2 protein chains.
Amino acid sequence: MTGQVRTVDGRVAGRRGQATRQKLLDCLSEMLSSSPYRDVKVIDVARKAGTSPATFYQYFPDVEGAVLEIAEQMAAEGAGLTELLEGRSWVGKAGWQTAQELVDGFLEFWKRNDAILRVVDLGAAEGDKRFYKLRMKILNSVNNSLSDAVAELQSKGKVDKDVNPGAIAGSLVAMLAAVASHQKGFTAWGVKQAELKPNVALLVHLGVTGKKPTK
Amino acid sequence: MTGQVRTVDGRVAGRRGQATRQKLLDCLSEMLSSSPYRDVKVIDVARKAGTSPATFYQYFPDVEGAVLEIAEQMAAEGAGLTELLEGRSWVGKAGWQTAQELVDGFLEFWKRNDAILRVVDLGAAEGDKRFYKLRMKILNSVNNSLSDAVAELQSKGKVDKDVNPGAIAGSLVAMLAAVASHQKGFTAWGVKQAELKPNVALLVHLGVTGKKPTK
DNA sequence: TCGGTAAGCTGACGGCATGACAGGACAAGT
DNA sequence: ACTTGTCCTGTCATGCCGTCAGCTTACCGA
């Protein structure tokens, strides 16, 4: 699938080249965590990586391009989120546990990658196709699983006919993402971390099944 | 509350000054709608406003500072969102209508101000206090109203004791904001605008009351 | 061992944005 | 007309951007 890694001017990158390339990505990643996106400069990233700006431009067209690269790497990891839902039940006590574990796993994933996800979210909101395709890629696993779960319950008559599984799943995923990236905002609102999770899980359960969980 | 409008170097702005200041803000606003936040340059804003960069720096410390100003103006307007919930009932058919109108009004508001809200969201996610205080200010009206509604239903025994009204309200508001700013993403996911709203309204209703709406 | 070739890196440069200042234009009152 | 304070801009030093030519390094086949 992934062809060879190439420089901007078309050369194939060897071992050493890939190393510096990766180092630049790592430094950019750190940079994004520590300073606002708008203020991240190529020269700072290069300095941090112990190299020169020119080297940066050899591997990436610009900062945005490098961010896309990082996000791409993360998207692969994000596919692992499917495990949170694969083969899980949404009925009875098991359903409540499924919801809880989904929230837990999702929030953890988001926290671990918050810096890049912030930027991806921004790019997507700004209407950049590359970014919202990436966002889709990251969220697809969870979204599809949720959508399937709703559709299945619907086919069994446990959920109203006029519910749109895709819309519900998408909204719930959007909620999870938003809650994850504004966790600090919640504490400022007087809601503690520990209290937040079960309540979000409750909302997820309600959304998927239409019923309160049996705990 | 708002003292006199002042320039960066402390002078009070007169009529003419306020006009150019406002013009700069308007142009910045437009700029934010048409190009990515990262690429908005002072010089472009100034050119668009038919003035020079130096003038911009007379009224604002930097782009961020000007954005905060715009957001502040919008926050005032955002307080009007309270009307969507003031004195509304969450019981029976009226409850369903309340949910629908809330979703409608909120999405409309967000769409109207999406460019600035995007930036505010980013700033808040990046942990900038000024931005997440502003975000709180904007969302407070809706958040508090929702929180009160849940708390009231709870006191009547219609909602479980272990529900945290603040957490529920915050999560729902976060969902609304996220859905609003990623509406395009939904259509890319095969969910149409028209289908989205009622499903989000359903989630809101479920979240607040714990029950399916009677339509 | 020894070129040859491609990969890898950087110094340097024109171009542009930033942010500061001093001075000129302008409006309003006297 | 003169004064005063507001308002705007030309200009400048600084620093980042993005590119290129050219140097160094690693690999490979003869």
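Letters go in sequence order (proteins before strands), and every chain restarts at 1. Owing to the predicted nature of the structure, the values given are computational and were not obtained by experimental measurement.
- Atom NZ in Lys23(A) sits 11.0 Å away from atom NZ in Lys48(A) (nearest 0.5 Å).
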Inset, instruction - Quick one, give me the B/S/- string for nucleotides 5-18 of chain C, reading 5' to 3', where B means a protein heavy atom under 4.0 Å from the base and S means that only happens at the primed atoms, P, OP1 or OP2. - result: --BBBBB-----SS
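- Considering Leu84(A), Leu172(A), Thr82(A), Leu85(A) in turn, Leu85(A) is the only one that fulfils the side-chain contact (heavy atoms from CB on, under 4.5 Å) rule with Val142(A).
- Between the side chain of Gln183(A) and the backbone N or O of Ala180(A), at least one donor-acceptor pair lies under 3.5 Å.
- Atom C1' of nucleotide dA20(C) and atom CZ of Phe60(B) are separated by 18 Å, given to the nearest angstrom.
- Atom CD in Gln22(B) sits 10.0 Å away from atom SG in Cys27(B) (nearest 0.5 Å).
- Ring-plane geometry between Trp110(A) and Phe106(A) is classed as parallel, the angle between the planes falling under 30 degrees on a 0 to 90 degree scale with a further cut at 60.
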